[in-house]
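Please read all numbers here as calculations on a predicted model, not as lab measurements.
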Number of protein chains: 2
Amino acid sequence: MPIMIKHRAIRDALLGRIVSGEWAPGRVIPGEVDLAREFGCTRATVARALRELVAAGLVERRRRGGTRVLGRSGRDAVVTIPIVREEIEAAGHAYGYERLTVREADPPEPIRQAFGLRPGAAAVHVACLHRADGRPAQVEDRWINAAAVPAVRTQDFRTVSPNEWLVRAVPYTRARHEFRAERPTDRLRGLLDLAPDEWVFVVERRTWREDAGITVAHLYNPADRFRITTRDPVAFGVDPGAG
Amino acid sequence: MPIMIKHRAIRDALLGRIVSGEWAPGRVIPGEVDLAREFGCTRATVARALRELVAAGLVERRRRGGTRVLGRSGRDAVVTIPIVREEIEAAGHAYGYERLTVREADPPEPIRQAFGLRPGAAAVHVACLHRADGRPAQVEDRWINAAAVPAVRTQDFRTVSPNEWLVRAVPYTRARHEFRAERPTDRLRGLLDLAPDEWVFVVERRTWREDAGITVAHLYNPADRFRITTRDPVAFGVDPGAG
DNA sequence: AGCCATTTGTTCGTATGTATG
DNA sequence: TCATACATACGAACAAATGGC
């Protein structure tokens, strides 16, 4: 049993009063000096505990106004974007990778806009197929901004998937994702071996480095065997470790 | 122009060195005392800046081992679970609500397990339909644990949707979501006025209070006109406010 | 509108504990 | 073993914002 870490104990004690309803949303809780006296520590320690509750979105603080409990609209959640290779191997299946096509070309209009490229500027397009025990699991369709990532021209992606190459080679500063379901094209239906009426679950991933677009990827998954799950954003609710 | 806040300035300076690639993943960055000397402050201030980078998942710290830059697998993102009424009104449509059924009954096995209920224990089931300008937008199918939320028996949900009633009346401590696409039942196809081959995008939401399950909801959306988007978890990358 | 006490926000310097290479 | 570097905490001081008189 680890010894008690004060700021964490305080944070958890306050958390308990909030989730138990003892301190209802809207209520102003005692000030730092009062809490410091109650818990037998200095203001700085209480402040640190409160700062974590702010980061978790549970309370709001204002000078002079004190610390107020927020109502949890409770709509924020954290998703871990799955990496198909890891998912397949974690499930105990054999991972298979096959590059379908790679070419340098003029990207279509929506992609060009995402990259902020002028017409005629070049980009690299890669399509590939990921398998689990030989069965198609995901089609990856990706554009990479050749201006932002010159090294992409030297890659043929024959054995390394663009996904894995990019995370290693190219740092990015922003990412955005979109989840949706789509009617598959005939090509997708064939590649993924879909049931006649089956749709695809699409994960669209875009990354930027500062303001320059790096890549736009469409990850097509058979909707019958794909899902995305979330977890709570308040990490310390379940894991007190990350302080 | 706000005056410089040291720990924030330091945090951003370090962030810049990381995202620019000057400090590549795997590299051990200078220690707290060195950074404190460089930035002209005390160790505590540097430590606070570094703590935020840890929280953001950009670096890893170990006693004696120092602070190491992490490769961004970059898979964490934040989703805001959409509330159908807000989405519809934000889009400038008229929101319509219709309760379909409400009854107290024995929940099916998967729901019972989620609630941790013994067979025979009662729960309330509600089904309702949300509309945008009269057009069906979402079917909400929900079980509520009557043991954990006794007040649910007094509600008929004729005018207030279970969603909005719950967020007001029942605090929760944990939530989990799952996104997937499904072949609709005939009933759903009719209710949502789906195209003949159209699938539904399902948001499954479960909430708990401590260890007691509160509710399991299935939100069925026409896949043709529904999507979920994410944003970056590193708040200070775009908004320096949340320190 | 303006003053002012209150409360949070930031930083300092110091001290000591703890994991670890 | 032991020096190292992070981790926690203290007490003090001043700055900045702001709600209420």
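The side chain to side chain contact (heavy atoms under 4.5 Å, CB included) test with A/R112 singles out one residue from A/L117, A/N145, A/V216, and that residue is A/L117.
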request  = Start with the C-alpha gap between B/E52 and B/R8, add the side-chain angles, then the distance that decides, and say whether salt bridge (charged side-chain N to carboxylate O under 4.0 Å, His left out) holds.
outcome  = CA-CA 9 Å; B/E52 295 196 31; B/R8 190 167 295 165; over 6 Å; no
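Distance alone, capped at 3.5 Å, places no donor-acceptor pair between the A/T230 side chain and the A/V78 backbone. B/D156 places no side-chain N or O within 3.5 Å of a backbone atom of B/T154 that could act as its donor or acceptor partner. At distances below 3.5 Å, at least one donor-acceptor pair connects side-chain atoms of B/K6 with backbone N or O atoms of B/G40. Side chain of A/R131 to backbone of A/G134: a donor-acceptor contact under 3.5 angstrom is found. For the pair A/S20 (side chain) and A/G16 (backbone), a donor-acceptor distance under 3.5 Å is present. In this structure a side-chain-to-backbone donor-acceptor pair under 3.5 Å is present from B/D133 to B/A94.
One interatomic measurement links the two molecules: CD1 of B/I10 to C1' of C/dT10, which rounds to 12 Å at whole-angstrom precision. Between the C1' atom of C/dT10 and the CG atom of A/L50 lies a distance of 15 Å, rounded to the nearest Å. Regarding B/R68, its CZ atom lies at a distance of 9 Å from the P atom of C/dG21, rounded to whole Å. B/R48 places its CZ atom 14 Å from the C1' atom of C/dC12, with the value rounded to the nearest Å. Look at CG on B/L35: it is 18 Å from P on D/dT4, rounded to the nearest Å. The interatomic distance linking B/R8 (CZ) with C/dT11 (C1') rounds to 14 Å, in whole Å. A/M4 has its CE atom 17 Å from the C1' atom of C/dT18, to the nearest Å. Taking atom CD of A/E52 as the reference point, atom P of D/dA7 lies 13 Å away to the nearest angstrom.
Checking the phosphate oxygens (OP1, OP2) of D/dC10, a side-chain nitrogen or oxygen of A/K6 falls inside 4.0 Å. When the side-chain nitrogen and oxygen atoms of A/T67 are compared with OP1 and OP2 of C/dT8, one or more of them lie within a distance under 4.0 Å. One finds a side-chain N or O of B/R61 lying less than 4.0 angstrom from the OP1 or OP2 phosphate oxygen of D/dA7.
Of the residues in residues 37-47 of chain A, those lying under 4.0 Å from DNA chain D by heavy-atom distance are A/G40, A/C41, A/T42, A/R43, A/T45. For the segment residues 22-33 of chain B, the set of residues with a heavy atom within less than 4.0 Å of an atom of DNA chain C is empty.
Aromatic rings from B/F201 and A/F201 are positioned such that their centres are separated by under 6.0 Å.
Closest heavy-atom contact between B/Y95 and B/H130: OH-ND1, 2.6 Å.
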Could I get a table of every N or O pair under 3.5 Å where one atom is in the protein and the other is in nucleotides 18-21 of chain D?
from	atom 1	to	atom 2	distance (Å)
D/dT18	O4'	A/R63	O	3.4

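There is a side-chain donor-acceptor pair under 3.5 Å between A/R231 and A/T80.
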